[in-house]
Engineer: 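Right, I'll just put the structure down here and ask away after.
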Amino acid sequence: MTTTKSYVLAPMWRLYLAAWLSYMLVIALVMQADSLLAGQFKPLLLWRSFISIAPSAAMLALLWPLSGRFERRAVTGVQRFVIHVVAAVAFATYAHAVLVVTQNPPPQPLSWHLWPFLYNMMSYAVVAGVFHLVRANAATQRQALATQQAQTLLVASELGALRSKLNPHFLFNTLHSIIALTGRNPEAAETALFQFSNMLRYVLDTERAGIDRVTLDAELDFVRDYLELESLRLGERLRVEWDLAPDLGDCLVPALSLQPLVENSIKHAFNPFTRHGILRIESRREPATGLLRVTVRDDGPGAAPATIEASPGLGIRTIGRRLDLDYAGRAALRIDSQPGAGFAACVTVPTTP
């Protein structure tokens, strides 16, 4: 069994061919402008236009692999200029020789030869410039794509680190609290174990299935289980207030995007202190934009913006990068905090994909 391959010109070469054919047609029409006005058309002039211009078009097409060689070998600007000047002179000489041979004009003054020569050098410069621009644009697009892919891989690796960090982080504190609870309140201990297993199942399910978006209700259920387990350790020091819009539960949010914000508040506003504190979680639809806005706010000590920016923490930074990449600028993470004024993290995402 034999197979045949079909070859299709790339869009750039189709455009290149169409431009030269159009140019040949225009030259042929200009050459017989007087005849056309008299109602006559001479097909022979069209052929003469083709055979005088086609070799030049074919020669200039070689500038494409030449520009590629410059790119691969990182030829300097000065070297490119010198090579192009030499090549332009050689091309102009060749193209003018083809013109003289095909048209076989009578002896002409030097100026008659100089203008076509300069015109051919200009044609060389235009084609070379276009080819270099095409390659430069392609290189820019490749670089942008590579940067985006690198950022995506970075966020994915950070998210994986965040997920793997979750289990050991809870394992010790939570299981220790549950063990302490079994003696005095077995029913509460059993409830805590179910909540703990639900959390682990949520993390494992999103990781194994590669789930990137979950409903707001599912993410908030995960946060509730987390806070219930933390309350075993913090007791009355942790007071949680919920202010959730009733019609936003089905909106999709990035998986594991809210729990790190809550964990940040627990770590900085509750763990270091013995005083009571308030953690408030709100969800709203912004009236002007229709975006879903989820805010995690605490009344802890807060921090200066420069301190937050310099923090080595993984969770909040990962969330900001995920939102930038996943929603192409339509989502954002905003931090509002000052020393002594608490800490608020606000996630806004579109309510539709």
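These numbers were taken from a predicted model, which means no experiment stands behind them.
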Engineer: Can you tell me how far apart CG (L227) and CG (L232) are? Round to the nearest 0.5 Å.
Structural biologist: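 With rounding to 0.5 Å, CG (L227) is 11.0 Å from CG (L232).
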Engineer: Counting only N and O atoms by type, is there a donor-acceptor contact under 3.5 Å from the side chain of R233 to the main-chain atoms of N271?
Structural biologist: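 Looks like no, no N/O pair under 3.5 Å.
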Engineer: Is the shortest side-chain heavy-atom distance between D250 and L216 below 4.5 Å?
Structural biologist: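 With C-beta onward as the side chain, the pair stays apart.
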Engineer: Going hydrophobic residue to hydrophobic residue with side-chain gaps under 4.5 angstrom, can you get from M121 over to V127?
Structural biologist: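 No, separate clusters.
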Engineer: State, yes or no, whether a side-chain contact exists between F91 and S56 at a heavy-atom distance under 4.5 Å.
Structural biologist: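 The answer is yes; the side chains approach within 4.5 Å.
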Engineer: For H276 and E236, run side chain to side chain contact (heavy atoms under 4.5 Å, CB included): C-alpha distance rounded to whole Å, both residues' side-chain angles, the deciding distance at 0.1 Å, then the answer.
Structural biologist: CA-CA 7 Å; H276 293 191; E236 294 182 355; 4.1 Å; yes
Engineer: Dump the intermediate steps for ring-ring contact (aromatic ring centres under 6.0 Å, His included) on H96 and Y119, then the final yes or no.
Structural biologist: CA-CA 10 Å; H96 187 60; Y119 177 80; over 10 Å; no
Engineer: Is R239 paired with E241 through a side-chain N to carboxylate O contact shorter than 4.0 Å?
Structural biologist: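 So E241 pairs with R239 through a salt bridge.
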Engineer: Would you mind reporting whether F222 and N198 have side-chain heavy atoms less than 4.5 Å apart?
Structural biologist: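 Counting from C-beta outward, N198 and F222 never come under 4.5 Å.
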Engineer: Are any non-hydrogen side-chain atoms of F117 and V89 less than 4.5 angstrom apart?
Structural biologist: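 Answer yes - side chains close enough.
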Engineer: Hey, is the main chain of S265 close enough, under 3.5 Å, to the side chain of D298 for a donor-acceptor pair?
Structural biologist: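 No, D298 side chain to S265 backbone: no donor-acceptor pair under 3.5 Å.
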Engineer: When rounded to the nearest 0.5 angstrom, what is the spacing between CD1 in I27 and OG in S22?
Structural biologist: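 Spacing of CD1 (I27) from OG (S22) equals 11.5 Å.
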Engineer: Where do P260 and I319 come nearest, in terms of heavy atoms and distance?
Structural biologist: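 Minimum heavy-atom separation between P260 and I319: CB-CD1, 3.8 Å.
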Engineer: Less than 4.5 Å apart, side chain to side chain, heavy atoms only: is that true for L248 and C251?
Structural biologist: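 L248 reaches C251 side chain to side chain.
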Engineer: So, is the end of the R213 side chain (NZ or CZ) under 6.0 Å from the ring centre of Y327 and within 45° of the ring's axis?
Structural biologist: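 So R213 does make the cation-pi contact.
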Engineer: Can you name the closest pair of heavy atoms from A345 and I335 and give their distance?
Structural biologist: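 The answer is CB-CD1, 3.7 Å.
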Engineer: Are M12 and Y124 grouped together when hydrophobic residues (ILVMFWY) are joined by side-chain heavy atoms under 4.5 angstrom apart?
Structural biologist: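 M12 clusters together with Y124.
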Engineer: Out of curiosity, D212 CG to L252 CG, how far, rounded to the nearest 0.5 Å?
Structural biologist: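 If we round to the nearest 0.5 Å, D212:CG and L252:CG are 10.0 Å apart.
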Engineer: So, the side chain of Q79 versus the backbone of T76: is there a donor-acceptor pair under 3.5 Å, distance only?
Structural biologist: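 Yes, the answer is positive, given that a donor and an acceptor are paired below the 3.5 Å cut-off.
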Engineer: Could you go through T351 and R285, starting from their C-alpha distance and side-chain angles, then the distance that decides it, and tell me whether this counts as side chain to side chain contact (heavy atoms under 4.5 Å, CB included)?
Structural biologist: CA-CA 9 Å; T351 54; R285 188 191 300 271; 3.5 Å; yes
Engineer: Find the distance between CD (E263) and CZ (F270) and round it off to the nearest 0.5 Å.
Structural biologist: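 E263 CD to F270 CZ: 13.5 Å, rounded to 0.5 Å.
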Engineer: Short question: side chain of Y16, backbone of A57 - any donor-acceptor pair under 3.5 Å?
Structural biologist: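 Side chain of Y16 to backbone of A57, a donor-acceptor pair under 3.5 Å: yes, one is there.
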Engineer: Considering all heavy atoms of both residues, which atom of A344 and which atom of R297 are nearest to each other, and what is their separation?
Structural biologist: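 Shortest heavy-atom separation between A344 and R297 comes out as CB-NH1, 3.5 Å.
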Engineer: Using atom types as modelled and distance alone, determine if a side-chain donor or acceptor of S67 lies under 3.5 Å from a backbone N or O of F131.
Structural biologist: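 Looks like no, no N/O pair under 3.5 Å.
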Engineer: Give, for atom CG of N264 and atom NZ of K267, the distance between the pair rounded to the nearest 0.5 Å.
Structural biologist: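 It is 7.5 Å, given to the nearest 0.5 Å.
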Engineer: Please tell me whether V30 and Y23 are part of a single hydrophobic cluster in this structure, the criterion being side-chain heavy atoms less than 4.5 Å apart.
Structural biologist: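 Unlinked, V30 and Y23 end up in two clusters.
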Engineer: Could you please spell out the steps behind the side chain to side chain contact (heavy atoms under 4.5 Å, CB included) verdict for L63 and H84?
Structural biologist: CA-CA 9 Å; L63 288 173; H84 276 312; 4.3 Å; yes
Engineer: Say whether, by atom type as modelled, one donor and one acceptor occur between the side chain of S257 and the main chain of V253 under 3.5 angstrom.
Structural biologist: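 Answer holds: no.
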Engineer: Looking only at non-hydrogen atoms, find the nearest pair between L244 and S283 and report the distance.
Structural biologist: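 Heavy-atom minimum between the residues: CA-OG, 3.2 Å.
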Engineer: Within a radius of less than 6.0 Å around CZ of F81, do more than 12 heavy atoms belonging to other residues, nucleotides or ligands occur?
Structural biologist: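 No, CZ of F81 has 12 or fewer neighbouring heavy atoms, counting only those of other groups under 6.0 Å.
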Engineer: Please answer: with hydrophobic residues joined when any side-chain heavy atoms are less than 4.5 Å apart, are Y94 and M122 in the same cluster?
Structural biologist: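 Linked within one cluster.
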Engineer: Could you tell me whether a side-chain N or O of R330 sits under 3.5 Å from a main-chain N or O of V349, the two making a donor and an acceptor?
Structural biologist: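 Judged by distance alone, no pair lies under 3.5 Å.
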Engineer: Taking C-beta and beyond as the side chain, do E228 and S231 meet within less than 4.5 Å on heavy atoms?
Structural biologist: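 E228 vs S231: side chains touch.
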Engineer: Output yes when R280 and D243 qualify as a salt bridge under the 4.0 Å nitrogen-oxygen rule, no when they do not.
Structural biologist: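 Salt bridge flag = yes for D243 with R280.
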Engineer: Would you call R284 and E282 a salt bridge, taking side-chain N to carboxylate O under 4.0 Å as the test?
Structural biologist: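 Looking at E282 together with R284, the answer is no, because their closest N to O distance does not fall below 4.0 Å.
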Engineer: Mind checking whether D221 and Y202 have side chains closer than 4.5 Å, heavy atoms only?
Structural biologist: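 No; the side chains remain at least 4.5 Å from each other.
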Engineer: For a quick test of reading the model, state the closest non-hydrogen atom pair linking L229 to A192 and the distance between them.
Structural biologist: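 Closest heavy-atom pair between L229 and A192: CD2-O, 3.5 Å.
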Engineer: Is the shortest heavy-atom distance from the side chain of L333 to the side chain of C346 under 4.5 Å?
Structural biologist: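 Sidechains of C346 and L333: no contact.
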Engineer: Check the side chains of Q195 and Y226 for a donor-acceptor pair under 3.5 angstrom, ignoring hydrogens and angles.
Structural biologist: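 No.
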Engineer: Which heavy-atom pair separates S197 from F194 by the least distance, and what is that distance?
Structural biologist: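 That would be OG-O, 2.8 Å.
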Engineer: Counting only N and O atoms by type, is there a donor-acceptor contact under 3.5 Å from the side chain of R135 to the main-chain atoms of W64?
Structural biologist: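 Checked: pair present.
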Engineer: Test E230 against every option in I266, V262, L279 by the side chain to side chain contact (heavy atoms under 4.5 Å, CB included) rule and name the one that passes.
Structural biologist: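 Answer to the side chain to side chain contact (heavy atoms under 4.5 Å, CB included) test with E230 among I266, V262, L279: I266.
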Engineer: Show the numbers, then the answer: is there a side chain to side chain contact (heavy atoms under 4.5 Å, CB included) between E286 and T348?
Structural biologist: CA-CA 9 Å; E286 293 187 350; T348 55; 3.4 Å; yes
Engineer: Among the clusters formed by ILVMFWY side chains lying less than 4.5 Å apart, do L66 and L133 turn up in the same one?
Structural biologist: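 Unlinked, L66 and L133 end up in two clusters.
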Engineer: Is there a donor-acceptor contact under 3.5 Å from the side chain of S337 to the main chain of G342?
Structural biologist: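 Indeed, once roles are kept as given, a pair shorter than 3.5 Å links the two residues.
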Engineer: Hey, what do you get for CG (L220) to CD (Q259), rounding to the nearest 0.5 Å?
Structural biologist: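 Result: 12.0 Å between the selected atoms.
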Engineer: Answer yes or no: is there an ion pair linking R321 with D324, defined by an N-O contact shorter than 4.0 Å?
Structural biologist: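 Not counted as a salt bridge, because no side-chain N and carboxylate O are separated by less than 4.0 Å.
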